[in-house]
Amino acid sequence: MLKALIFDVDGTLAETEDLHRQAFNRAFGALGLPWNWSPQDYAELLKVMGGKERLLHYIARDHAEDAPALRARMPEIHGLKTRIYGELIESGHLGLRPGVARLVREARGAGLALAVATTTSRPNIDLLLRINFPEGERAFDVIAAGDEAEHKKPAPDIFEIAVRRLGITPSEAIAFEDSAAGIRSALDAGLPVVATRSLYTESHRLDGAFSAVSDLGEPGHPHRHIAGLEWPEGRVTVPALRDWHEARFGRAA
């Protein structure tokens, strides 16, 4: 039986990626670094999963001559970026993507467990959840985040951690992702995937997801179907997820 839903954060629960970009740029300016990442720059950098890893990649690629000194400043740069990101969320009250709060409520009411599996850092997750859910981080039974995984997505590590903490098998859960790397990570952990496109993943192939949609959909505001399974009334719902899961794995899975 379907027992759990597992969500990515950035681009899946909320359109956070541009806030991350803005936070990086403000941190660079505050620390006297003459760098500014445009949306186009950041879309390319997002091919590297994890904020620290993304910054290291940028330093190695564009500032190799100063790499040793810049790497030594990594804790300072990333720490300030994280604080600024938190301030941006607090001031802007970044909302959840369409259908997320509704599906979380449905899942809770249906007795399904909920988890987060993401490469972003735990403070960022806690803040986002605190602002958008009355229960805060307690809205989710398991949070697997940031540096807990030895290897970032597209490696399956973070999803494997979430599944293990939930105490289930991969076939008893469904993952929600927005990126090609995230889909690969979930699939390699043995999880079926629903994909929702986000601002920075419009160009990503969503191969492997059993359904790809623009978002999870709301009553009166159906999502746009992209590929795979189509959902009744343009909304991803717990009954429809259970119907698909039973057809795919059987009632005793």
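Starting from 1, each residue takes its place in the sequence as its number.
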(message) Between T201 and S179 (side chain of the first, backbone of the second, donor and acceptor by atom type, cut-off under 3.5 Å), is there such a pair?
(response) no
(message) Suppose we screen for side-chain hydrogen bond (donor to acceptor under 3.5 Å, both in side chains). Which residues come up paired with D126, at least two apart in sequence or across chains?
(response) R122
(request) Kindly give the heavy-atom pair with the smallest separation between T82 and S121, and that separation in Å. (result) CG2-OG, 4.4 Å
(message) With heavy-atom distances below 4.5 Å as the criterion, would you say the side chains of L33 and I77 are in contact?
(response) yes
(message) Donor-acceptor pair, distance only, cut-off 3.5 Å: does the side chain of D141 make one with the backbone of L114?
(response) yes
(message) Please determine whether residues I125 and I158 belong to a single hydrophobic cluster, defined as Ile, Leu, Val, Met, Phe, Trp and Tyr linked transitively by side-chain heavy-atom distances below 4.5 Å.
(response) no
(request) Evaluate the side-chain proximity of I6 to L166: yes if any heavy-atom separation is below 4.5 Å, no if none is. (result) yes
(request) Indicate the atoms forming the closest heavy-atom contact of G190 with P170, along with that distance. (result) O-CB, 3.4 Å
(request) Indicate the atoms forming the closest heavy-atom contact of P68 with A64, along with that distance. (result) CD-O, 4.3 Å
(request) Measure from the side-chain N and O atoms of T118 to the backbone N and O of D8, and report whether any donor-acceptor pair falls under 3.5 Å. (result) no
(message) Does any part of the side chain of I131, heavy atoms only, come nearer than 4.5 Å to the side chain of E90, both counted from C-beta?
(response) yes
(request) Kindly give the heavy-atom pair with the smallest separation between A149 and D157, and that separation in Å. (result) CB-CB, 3.7 Å
(request) Could you grab the distance from atom CG of L94 to atom CD1 of I89, nearest 0.5 Å is fine? (result) 6.0 Å
(message) Tell me whether I84 shares a hydrophobic cluster with V9, the cluster being built from Ile, Leu, Val, Met, Phe, Trp, Tyr side chains joined at under 4.5 Å.
(response) yes
(message) Distance check, rounded to the nearest 0.5 Å: D10 atom CG versus D178 atom CG?
(response) 8.0 Å
(request) Hey, could you give me the CG/CD distance between L88 and Q22, rounded to the nearest 0.5 Å? (result) 6.0 Å
(message) Test of understanding: clusters of I, L, V, M, F, W, Y form through side-chain heavy atoms closer than 4.5 Å, transitively. Do L191 and L112 belong to the same one?
(response) no
(request) Find out whether V100 and N132 are in side-chain contact, i.e. whether some heavy atom of one side chain is under 4.5 Å from a heavy atom of the other. (result) no
(message) Applying side-chain contact (heavy atoms from CB on, under 4.5 Å) to L103 and V238, what does each step give before you reach the verdict?
(response) CA-CA 7 Å; L103 186 58; V238 167; 3.9 Å; yes
(request) Any chance you could measure E15, atom CD, to E17, atom CD, to the nearest 0.5 Å? (result) 8.5 Å
(request) Please assess H204 against E177 for the test side-chain contact (heavy atoms from CB on, under 4.5 Å), listing each intermediate value before the final yes or no. (result) CA-CA 12 Å; H204 285 216; E177 269 287 354; over 6 Å; no
(message) Return the CZ to CG distance between F133 and L13, rounded to the nearest 0.5 Å.
(response) 6.0 Å
(message) So does A181 get a backbone contact from the side chain of S185, meaning a donor-acceptor N/O pair under 3.5 Å?
(response) no
(message) By the side-chain hydrogen bond (donor to acceptor under 3.5 Å, both in side chains) test, which pairs, at least two apart or in different chains, include something from residues 45-65?
(response) W35-H63, Y42-R54, E44-K47, K52-D147, Y58-H63
(request) Look only at the side chain of D188 and the backbone of P156, and say whether a donor-acceptor pair between them is shorter than 3.5 Å. (result) no
(message) I'd like to know if the side chain of R235 reaches the main chain of G217, judged simply by a donor and an acceptor atom lying under 3.5 Å from each other, with no hydrogens or angles considered.
(response) no
(request) Would you check, one step at a time, whether the test side-chain contact (heavy atoms from CB on, under 4.5 Å) holds for N36 with F28? (result) CA-CA 7 Å; N36 189 278; F28 299 155; over 6 Å; no
(message) Strictly distance-based, threshold 3.5 Å: is any side-chain N or O of R71 a donor or acceptor partner for the main-chain N or O of A60?
(response) no
(message) Taking the basic N atoms (NZ, or NE/NH1/NH2) and the acidic carboxylate oxygens, is any pair closer than 4.0 Å for E106 and R102?
(response) yes
(message) Count I, L, V, M, F, W, Y as connected when their side-chain heavy atoms are under 4.5 Å apart, and connections chain through other members. Are L80 and L56 then in the same cluster?
(response) yes
(message) Take a 6.0 Å sphere around CZ of R26 and say whether it holds more than 12 heavy atoms from other residues, nucleotides or ligands.
(response) no
(request) Side-chain contact test, heavy atoms from C-beta onward, threshold under 4.5 Å: evaluate it for I143 versus L129 and give yes or no. (result) yes
(message) For A162 versus A117, what's the shortest heavy-atom pair and its separation?
(response) CB-CB, 4.2 Å
(request) Name all pairs fulfilling the side-chain hydrogen bond (donor to acceptor under 3.5 Å, both in side chains) condition that reach into residues 207-219, sequence neighbours left out, sorted by first residue then second. (result) R205-D207, S211-W231
(request) Quick one: pull up OG1 in T16 and CG in N124 and give me the separation to the nearest 0.5 Å. (result) 8.5 Å
(message) Whether the side chain of D41 engages the backbone of S38 through a donor-acceptor N/O pair (distance < 3.5 Å, no angle test) should be reported.
(response) yes
(request) Say whether L241 and L206 are linked into one hydrophobic cluster, either directly or through other cluster members, by side-chain heavy-atom distances under 4.5 angstrom. (result) no
(message) Checking the side chain of H245 only, and the main-chain atoms of S171 only, is there a donor and an acceptor separated by less than 3.5 Å?
(response) yes
(request) Provide the closest heavy-atom pair for A209 versus I183 in the form atom of the first, atom of the second, distance. (result) N-CG2, 4.1 Å
(message) When you compare the side chain of Y200 with that of H20, does any pair of heavy atoms fall below 4.5 Å?
(response) no
(message) A side-chain contact here means heavy atoms from C-beta on lying under 4.5 Å apart; do F176 and V236 qualify?
(response) yes
(request) Check the pair M1 / R242 against side-chain contact (heavy atoms from CB on, under 4.5 Å), numbers first and verdict last. (result) CA-CA 8 Å; M1 296 176 64; R242 280 180 159 161; 5.6 Å; no
(request) Check whether any side-chain heavy atom of R184 sits under 4.5 Å from a side-chain heavy atom of K153, and report yes or no. (result) no
(message) For E76, I'd like to know if atom CD has over 12 heavy atoms of other residues, nucleotides or ligands within 6.0 Å.
(response) yes
(message) When you measure from the side chain of N25 to the backbone of W37, do you find a donor-acceptor pair of N or O atoms at a distance under 3.5 Å?
(response) yes
